[in-house]
Amino acid sequence: MLLSRLLLVLFCTSTLVHAKTNPSWTTSIAPFRIADNLYYVGSQELASYLVVTPKGNILINASLATSPLQIRASVEKLGFRWTDIRILLNSQAHADHMAGAAEVIRETHAKNMVMDGDVSVVETGARADFLSPSPSIPTYTPVHVDRVLHDDDIVTLGGVTLTALKTAGHTRGCTTWTMRSHLPGEPAGTSRNIVIVGGTGFGSEYHFVATPNHPVSYPGIVQDFQHTFAVLRTLPCDVFLGAHGGYFDLLTKLEHYPQAGPPVFIDPAGYKDFVADAEKTFEQALAKQQAAATRKS
Ligand SMILES: [Zn+2]
C-alpha cells in the first residue's frame with residue numbers, strides 16, 4: 001500500500017515535470033506597463049508582452065494552449081482590444097511559448113512571424129524539434145508561418161520597430177527581441193534599450209559533442225550557443241526582460257513596482273549577470289561532454 005502510494009507519487013511527479021504544468025506557468029498576475037508602448041500580459045512565469053501602436057498591436061508569446069484566455073483577460077483589463085493584435089511573435093518554438101498560437105491566430109487573425117530556424121518546428125507543432133520525440137518537448141497545434149524572419153530583421157507596425165536577433169541553441173530559431181522606448185516617469189525625450197531574452201538554457205538531452213552512441217543534437221549547435229552569448233554580451237540593455245519571468249526576477253521586481261514604477265525593470269547589471277551565468281553554465285557542460293567523449297574514444 002505504502003509502496004504503491006510512493007510509486008504513484010513518483011509517477012505523478014515525473015508526469016508533472018514532463019507535462020510542464022509548473023503552477024507558476026499558469027498562475028495569473030495583473031498586467032502592468034513597462035514602457036509607454038509595452039505591457040506585460042503573461043502569467044507569473046510565462047512572459048507575454050503586448051506592444052501597442054496606433055495601427056494595432058503586437059503580441060510576443062502565445063504561451064501554453066491554455067494561456068490565450070488568460071492573456072486575453074490581461075489585454076482587455078489594460079483597455080486594449082484582443083482583436084487589435086495584428087502580429088504574433090515568439091521567443092522560441094517550444095510549447096510553453098507557442099502552443100497557444102493556433103487559438104490566438106484563429107481569434108485575432110494576427111500574422112505569425114517566426115525566426116528561420118524555428119519555422120519547421122512551429123509548422124509541425126514541435127514534431128520537427130531536434131529533441132522530438134521527447135517527453136520534454138510537448139507537441140501542439142501546428143500553425144502556418146506568414147513571415148519567415150532572419151537574424152537582425154525588423155518588425156514594424158504603426159511607427160514601432162522591434163529587432164529580431166537570432167540567439168539560437170536552445171531552439172534553432174530562438175529569438176531575442178529588442179526595442180527602444182520611453183518609460184513612464186522618465187524625462188520626456190529619453191528612451192531606453194529594452195531586451196527580451198529568448199532563452200539560453202538546455203537540458204540533459206542536449207548533445208553538444210558527438211559520441212559513438214549519439215550524434216550532436218543538430219550540426220552547429222555549439223557554434224549557435226557561442227554566437228548567442230557573443231551577441232547577448234555586447235547588446236546594450238537597460239530594461240532586462242525575457243521569455244520566462246525567472247530570467248529577470250520578475251516577481252521580486254514586481255514587489256517594488258508599486259513604488260518604483262516601470263523603472264524597476266532597468267537592470268543592466270542583472271542582465272550582464274544573467275548572460276555571464278548562462279555562458280558559464282554552457283561552457284562547463286560543453287567541457288564536461290568533451291571530456292566524456294575523449295574518455296570513451
Ligand atoms: Zn524552451
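Remember, it's a predicted structure, so these values are computed and weren't measured experimentally. Ligands are counted one by one from 1 in listed order, and the atoms in each one are counted from 1 as well.
- The closest donor-acceptor contact from the side chain of Ser48 to the backbone of Val41 lies at 3.5 Å or more, if one exists at all.
- Open room surrounds NZ on Lys111; 12 or fewer heavy atoms of other groups in view lie less than 6.0 Å from it.
- Although no hydrogens or angles enter the test, the distance criterion places no donor-acceptor pair under 3.5 Å between the side chain of Thr139 and the main chain of Ala126.
- None of the N, O or S atoms belonging to Cys174 lies under 2.8 Å away from the Zn ion (ligand 1).
- Not one N, O or S atom of His97 sits under 2.8 Å from the Zn ion (ligand 1).
- Residue Phe240 forms a ring-ring contact (aromatic ring centres under 6.0 Å, His included) with just one option from Phe265, Phe274, Tyr247, and that option is Phe274.
- Computed with the Zn ion (ligand 1) at the centre, the His170 NE2 to Gln92 OE1 angle is 100°, stated to 10 degrees.
- The closest approach of His94 to the Zn ion (ligand 1), by N/O/S atoms, is made by ND1.
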